[in-house]
Enquirer: 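What follows is a single structure, and I will ask about it in a moment.
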Amino acid sequence: MRKLLARYGITDEESVDRLLAIQREGSSREWWTQFKGSMPSGMPRFVGIESAAQEIQAFHPVVVLGLLQTERYARALYEIAKQVEDTTNEFIQQGVQLRMKRKEYLTRDEEPGKLWAILYEPALRYIVGDTDVMREQYDEITNLAALDNMTVQVLPHTVRGYVAVNDFSILNLGDTLPTTIQVDNAWGASSVSDTPREVAKFSRKFNALVASSLPPEDTPKFLQQLSREITE
């Protein structure tokens with residue numbers, strides 16, 4: 001750990017000792033340990049970084065971002081994949097509980113994390129569960145988008161600009177630790193990297209998505225329109 005901190009110019013003994021103490025304290029109370037049995041490779045590390053991040057920028061091209069999902073939406077996603085992934089009811093229950101626990105990042109009493117989410121229109125139109133589940137999910141996004149620590153934009157399917165083909169998250173850990181990138185791979189594992197080159201590349205990706213998306217103030221109206229369409 002000392003070598004990692006030195007790599008980022010953190011050599012002052014007092015600062016190093018303080019960060020090492022924080023890491024040890026965090027390791028002793030890893031709330032996600034109980035869910036490790038339902039996590040794919042690399043996921044425990046990602047969840048630990050996610051819970052410590054000051055700000056997250058994220059995009060998903062296929063479904064609603066996990067941090068924004070309702071319990072019923074999350075459960076329906078797991079049920080859809082159950083036969084393909086050959087999972088059990090216990091696995092699904094743990095997966096849903098973990099997702100809801102991760103979501104507390106946005107609403108916790110002490111220093112809630114900041115999230116800037118880009119939602120792709122086809123992902124919002126993908127029917128998960130039934131119309132009631134989707135209507136509830138649209139309402140949940142609208143409510144979360146109203147929080148001071150939230151920015152939610154919609155990337156319309158008519159966009160002629162850049163569209164990322166994979167989901168990713170950029171996790172900002174503050175000035176003393178390196179920004180980290182997370183992506184899901186085709187095998188279901190979660191990969192993370194803090195190399196400056198990867199961080200710069202995904203930052204460019206996110207900035208391009210932001211530039212092509214509707215302004216945040218248009219999000220509630222867009223979701224209301226989707227809710228009306230889905231009930232017709």
Side-chain angles (χ1 to χ4, degrees), residues 1 15 18-40 42-60 63-78 92-119 123 133 136-154 167-184 190 192 194 199 202-203 206 210 216-217 219-220 223:
M1 180 67 175
S15 297
R18 186 169 64 253
L19 288 170
L20 287 173
I22 291 172
Q23 186 199 41
R24 285 193 295 270
E25 182 185 357
S27 297
S28 67
R29 51 183 174 81
E30 293 176 346
W31 56 263
W32 55 90
T33 301
Q34 60 181 308
F35 300 108
K36 281 188 175 180
S38 63
M39 291 190 194
M43 188 69 175
R45 181 185 177 195
F46 163 59
V47 172
I49 297 172
E50 179 186 65
S51 63
Q54 293 184 4
E55 183 176 2
I56 298 173
Q57 298 172 326
F59 169 78
H60 203 302
V63 297
V64 172
L65 287 168
L67 288 175
L68 301 179
Q69 290 176 13
T70 65
E71 183 173 344
R72 290 207 298 166
Y73 183 97
R75 188 176 302 279
L77 274 180
Y78 276 107
I92 292 174
Q93 182 62 23
Q94 281 206 331
V96 173
Q97 288 178 353
L98 171 60
R99 195 157 297 181
M100 295 303 101
K101 188 68 177 178
R102 288 172 54 205
K103 190 175 174 181
E104 293 177 10
Y105 170 87
L106 302 172
T107 57
R108 61 196 181 198
D109 293 333
E110 294 187 17
E111 299 181 357
K114 296 180 180 179
L115 175 65
W116 190 341
I118 304 295
L119 306 179
V133 170
E136 179 185 58
Q137 181 62 74
Y138 296 148
D139 288 343
E140 177 71 352
I141 297 172
T142 300
N143 292 334
L144 289 172
L147 298 177
D148 292 338
N149 57 315
M150 289 285 300
T151 300
V152 180
Q153 291 181 261
V154 174
D167 65 289
F168 65 90
S169 297
I170 304 173
L171 303 109
N172 185 332
L173 298 167
D175 297 330
T176 56
L177 292 174
T179 297
T180 299
I181 305 301
Q182 178 272 335
V183 295
D184 293 326
S190 183
V192 296
D194 60 11
V199 171
F202 280 91
S203 294
F206 190 80
V210 169
E217 56 267 26
T219 297
L223 293 172

Enquirer: Show the numbers, then the answer: is there a side-chain contact (heavy atoms from CB on, under 4.5 Å) between I141 and V152?
Expert: CA-CA 8 Å; I141 297 172; V152 180; 4.1 Å; yes
Enquirer: Go through the side-chain N and O atoms of S190 and Q182 and say whether any donor and acceptor fall under 3.5 Å apart.
Expert: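 Result is yes, a qualifying pair exists.
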Enquirer: Which value, rounded to the nearest 0.5 Å, describes the distance between F46 atom CZ and S51 atom OG?
Expert: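 Atom-to-atom, F46:CZ and S51:OG are 9.5 Å apart.
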Enquirer: Show your working on side-chain contact (heavy atoms from CB on, under 4.5 Å) between V96 and Y78 and close with a plain yes or no.
Expert: CA-CA 8 Å; V96 173; Y78 276 107; 3.8 Å; yes
Enquirer: Give a yes or no answer on whether the side chain of Y138 reaches the backbone of P220 with a donor-acceptor pair at less than 3.5 Å.
Expert: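 Checked: no pair found.
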Enquirer: Quick one: pull up CG in L67 and OG1 in T107 and give me the separation to the nearest 0.5 Å.
Expert: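 Output value for this atom pair is 10.5 Å.
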Enquirer: With sequence neighbours excluded, tell me which residues meet ring pair (Phe, Tyr, Trp, His ring centres under 6.0 Å) with F168.
Expert: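 For F168 the ring pair (Phe, Tyr, Trp, His ring centres under 6.0 Å) partners, ignoring immediate neighbours, are F202.
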Enquirer: Are any side-chain N or O atoms of N149 and backbone N or O atoms of G113, one a donor and one an acceptor, separated by less than 3.5 Å?
Expert: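 Looks like yes, one N/O pair under 3.5 Å.
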Enquirer: Could you please spell out the steps behind the salt bridge (charged side-chain N to carboxylate O under 4.0 Å, His left out) verdict for E140 and K103?
Expert: CA-CA 12 Å; E140 177 71 352; K103 190 175 174 181; 2.6 Å; yes
Enquirer: To the nearest 0.5 Å, how far apart are CG in L115 and CD1 in I56?
Expert: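 Between atom CG of L115 and atom CD1 of I56 there are 6.0 Å.
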Enquirer: Decide yes or no on side-chain contact (heavy atoms from CB on, under 4.5 Å) for Q57 and L171, but give the supporting numbers first.
Expert: CA-CA 7 Å; Q57 298 172 326; L171 303 109; over 6 Å; no
Enquirer: Hey, could you give me the CD1/NE2 distance between I118 and H60, rounded to the nearest 0.5 Å?
Expert: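 Reported value, rounded in 0.5 Å steps: 14.5 Å.
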Enquirer: Side-chain contact, heavy-atom cut-off 4.5 Å: Y73 with L68?
Expert: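 They are not in side-chain contact.
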Enquirer: Any donor-acceptor pair under 3.5 Å linking the side chain of Y105 with the backbone of A53?
Expert: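 Such a contact is found between Y105 side chain and A53 backbone.
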Enquirer: Is L173 close to T180 at the side-chain level, that is, under 4.5 Å between some pair of heavy atoms?
Expert: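 In short, these two side chains touch, coming nearer than 4.5 Å.
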Enquirer: Side-chain donor-acceptor pair under 3.5 Å between R72 and Q137, yes or no?
Expert: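 Per modelled atom types, R72 and Q137 side chains form no pair under 3.5 Å.
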Enquirer: Check this for me: E111, atom CD, are more than 12 non-hydrogen atoms of other residues, nucleotides or ligands nearer than 6.0 Å?
Expert: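 Atom CD in E111 is not packed in, count stays at 12 or less.
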Enquirer: For side-chain contact (heavy atoms from CB on, under 4.5 Å), just list the numbers for L119 and Q153, CA-CA rounded to whole Å, side-chain angles, deciding distance to a tenth of an Å, and then say yes or no.
Expert: CA-CA 6 Å; L119 306 179; Q153 291 181 261; over 6 Å; no
